[in-house]
There are 2 protein chains.
Amino acid sequence: MVAGTARLYAIIGDPVGHVRTPLVFNAYFAEHGIDAVCVPIHIRPDELETALAGLKAIANLDGFIVTAPHKARVAGIVDRLVGDGDKVGAVNTVRREADGSFTGTMLDGHGFVAGLAKAGWGPQGKSVYIAGAGGAASAIAFALAGAGMARLTIFDRTPAMGQALLARVKAAYPHIETAFGTRDPSGHDLAVNATPLGLEPDDPFSFDVEKADPETLVAEVLMKPETTALLHAAAARGCAIHQGKHMLDGQRDLMMAYFGLAPQATP
Amino acid sequence: MVAGTARLYAIIGDPVGHVRTPLVFNAYFAEHGIDAVCVPIHIRPDELETALAGLKAIANLDGFIVTAPHKARVAGIVDRLVGDGDKVGAVNTVRREADGSFTGTMLDGHGFVAGLAKAGWGPQGKSVYIAGAGGAASAIAFALAGAGMARLTIFDRTPAMGQALLARVKAAYPHIETAFGTRDPSGHDLAVNATPLGLEPDDPFSFDVEKADPETLVAEVLMKPETTALLHAAAARGCAIHQGKHMLDGQRDLMMAYFGLAPQATP
């Protein structure tokens, strides 16, 4: 039960009805005896600045998660960016500092990498193909780069966006071999759909999964359906597959650590 | 568990750690299968305007309770006042309207009257002595007046405040016999401590309870301790007593009805 002493956490988005974060966070708080509650906060785009000023004025609000469509704009409103927040130009996690200010970071990509790690896959020295060049693709690209990826191919229907993301990754990680690709993902250890294609039943695939090498791990950022048509096609080809939900599951502990709520490590 | 679809309710105050409203509301929501959650929101006085603008920008926030020290200032910030909000000049309950605006009302006094009703006491035709002339005293005076009280005596250490409250009650309810009293509560059906005296162990009584008629019901607005020293003294004198907690208990159903969350009445 929520007491008067509860610390507040939130997830802000438009819409928010579909989000799982309150369930995941509140289960964590209950499990670890933390007197806190996470609530969904629905903020429409034209109210974002006013709402964020209001959140800052709530003295017992210690942090919040940011989901679509606010990730990029919140990066421009918080007091400072850390981690990949600056490089990606978007944040999904904001915490309150002792001085009352807000610090944002971007954990989507790190959650994706953590999810892969739980499945036994590490990016060190690997070559990665990403379809897409938006927020999810950027977050994943930078997190994989920070975790030791050797080669990155981006493909996007808007080549200028893909080239721009490649240039930003190259600027931060000059040793990574980068290339703008085609719809053909062959020759990579990991191929990721980081586009919204697959949300609708009639969507085309974002890349030619039928050309993927059978040794390529094919991964998704989409969470509904759990196994997208792209993943079904990849599995039919003999590829190992990795569902989008693992990106979220991998983030919970990262978020809790960022909020200072991680269980104490064994000394 | 709090889902993404949850509607939000809050209690705002400074401090808020002591409030019981989230426990009471969330138990009600659970009991009635309402997908909503009530959280404590700590707002310092210098952040009140910013925080309220932020609350208005939260599209799934449907209402909030106001506690000290914000009741009077919130009355000046909301879009309109109904019920006793205007007369008392303070609100403790604010709801969202369909057009997004905020409407405030004051239910403290009505909660007090509802608590008395549950104890079998009605104000119709009765004479009432109230010690105090602040927010609680005003709310109680207007609610008792609206419920049929015939005669009102106010006593306050600051006579101008007591006189002002009496004048406001008289303006709204001209038929009520009003008088500024002394520390002596004798000759009344009900005597109420509506001051903060009693919160501290060394506080003097707000009125001379030892002069109360044994037939007088002696009531409190203070909730801690549940039975104040004043109530103990009244009981020792043979008076029936009425604890402050009943004012809050009496309000839950009034608040839910105001929010449109009351169980459907039998047709």
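Lettering follows sequence order; numbering is per chain, from 1.
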Residue-level contacts of [range] with chain B, using a heavy-atom cutoff under 4.5 Å:
range                       : answer
residues 226-235 of chain A : none
residues 76-91 of chain A   : none
residues 243-253 of chain A : none

Problem set entry | Inter-chain contacts: residues 10-28 of chain B against chain A, heavy atoms under 4.5 Å | B/Val16, B/Gly17, B/Val19, B/Pro22, B/Leu23, B/Asn26, B/Ala27
Exercise. Where on B/Leu8 is there a heavy atom nearer than 4.5 Å to chain A: the side chain, the backbone, both, or neither?
Worked result: side chain
Out of [options], return the one with the most heavy atom pairs under 4.5 angstrom to chain B.
options                            : result
A/Ala53, A/Ala51, A/Ala59, A/Ala6  : A/Ala59
A/Ala3, A/Gly54, A/Gly4, A/Ala30   : A/Gly4
A/Asp46, A/Leu48, A/Thr50, A/Ile43 : A/Thr50

Problem set entry | Min side-chain heavy-atom separation A/Thr5-B/Pro40 under 4.5 Å | no
For this session: Rounded to the nearest 0.5 Å, what's the gap from CG on A/Leu55 to CD1 on B/Ile58? Could you check?
Result: 5.5 Å
